[in-house]
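For ligands, and for the atoms within them, numbers begin at 1 and follow the listed sequence. Keep in mind that the numbers below use all heavy atoms, side chains included, and drop hydrogens, waters and symmetry copies. Here the structure is a predicted model, which means the values were calculated and not measured.
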Amino acid sequence: MSQPTLRLNPALDVEKYAEIYARDGLVQIPDVFERPTAELISEIMETSLPWALTFLGEDGRPVKIPMEALQGAGPDLKAQIAALIQRSGQQYGFIYFNFGMVSAYNAGEPRANHPIHPVTGFLMGEEFAAFGRKLTGDDAISWADSQATLYRPNDFLGLHDDSASDEVQRVAAYTLGFTSRWRSDWGGQTLFHDPDTGDVTRGLIPRWNTLTVFRVPQLHSVAPVAPYANGARLSIVGWFRRDR
Ligand SMILES: O=C(O)CCC(=O)C(=O)O
Ligand SMILES: [Fe+2]
């Protein structure tokens, strides 16, 4: 069977979406890939990524625990997670599964010919950067980084604004949704917060084959996935960047 071409859906009306981005600093683009391409990426995410549980550690750095190590994990991990949840009420915190696509791509892991690498390469490449420039109007965008994320019931990403640093210069955040079935009371929405009132100005349900792009810095979070959610929230997330 021949592989579908990795490219954005040629039918996308980028000018139309650029107007929305300029007006709102946030735009959602459905059918971002042609269906066979989206199905291929979905299948890779559902079946073959070596996920690691990641959460913000006490020292402010992410802790990462490979999925297979979780089976045998004992009370120590449970205590670490309980402490993270406790801290997240006072300060920034998160817990979800991830797979760092760019570092894996550069290191040839989990193996050199893993099917996710062409996806990472596509997102790092010129077609996606050019799309980012056209969409945001920022000509300095030179590439996009990426990580795959999986949220189970109770996973969350606390309030933050994606502020850039000198080494990591973020123009806009993007998420590529690959959640195929979601109920609107299952949580997991990407939430945008009014900094003055705390009201949620937008709450975007997890979707499939949908690209969301938003200007940063901008306050946002991922709502905790409901304990009774019957599924996982899958996406690829990253930033259009101007460093490099
Ligand atoms: O998954 C999302 O909807 C947002 C992710 C995000 O905000 C981040 O990774 O910084
Ligand atoms: Fe973010």
Between the side chain of S146 and the main-chain N/O of T120, is any donor-acceptor distance below 3.5 Å?
-> no
Under a 4.0 Å N-O cut-off, is there an ion pair linking R133 with E126?
-> yes
Check whether any N or O atom of Q147, backbone or side chain, sits under 3.5 Å from an N or O atom of ligand 1, and answer yes or no.
-> no
Measure L204 to ligand 1 on non-hydrogen atoms and call it side chain, backbone, both or neither using the 4.0 Å cut-off.
-> neither
Is the Lys NZ or Arg CZ of R202 less than 6.0 Å from the centre of F192's six-membered ring, within 45° of the axis?
-> no
Examine distances only and state if a side-chain atom of S142 and a backbone atom of A129 form a donor-acceptor pair shorter than 3.5 Å.
-> no
Does the ring centre of H193 sit less than 6.0 Å away from the ring centre of H220?
-> no
Hey, which N, O or S atom on H220 ends up closest to the Fe ion (ligand 2)?
-> NE2
T175 N/O to ligand 1 N/O under 3.5 Å | no
Return yes if a side-chain donor-acceptor contact under 3.5 Å exists between N154 and R152, otherwise no.
-> no
Geometric N/O contact Y96 with ligand 1, under 3.5 angstrom = no
Under 3.5 Å, side chain of H114 to main-chain N/O of L49, donor-acceptor pair present?
-> no
N, O or S from D162 under 2.8 Å to the Fe ion (ligand 2) | yes
Ranked by distance from atom 4 (C) of ligand 1, the top protein heavy atom is V222 CG2, 3.7 Å
Atom 1 (O) of ligand 1 [closest protein heavy-atom partner, distance rounded to 0.1 Å] | R233 NH1, 3.0 Å
Is any N or O atom of T190, backbone or side chain, closer than 3.5 Å to an N or O atom of ligand 1?
-> yes
Can you tell me which residue and heavy atom of the protein come closest to atom 7 (O) of ligand 1, and the distance to 0.1 Å?
-> H220 NE2, 2.9 Å
Select one of side chain, backbone, both or neither to describe which atoms of L157 lie under 4.0 Å from any atom of ligand 1, heavy atoms only.
-> side chain
Return yes when V237 approaches ligand 1 closer than 4.0 angstrom through a heavy atom, no otherwise.
-> yes
Contact region, W239 to ligand 1, non-hydrogen atoms below 4.0 Å, reads side chain
Do the ring centers of F131 and Y174 come within less than 6.0 Å of each other?
-> no
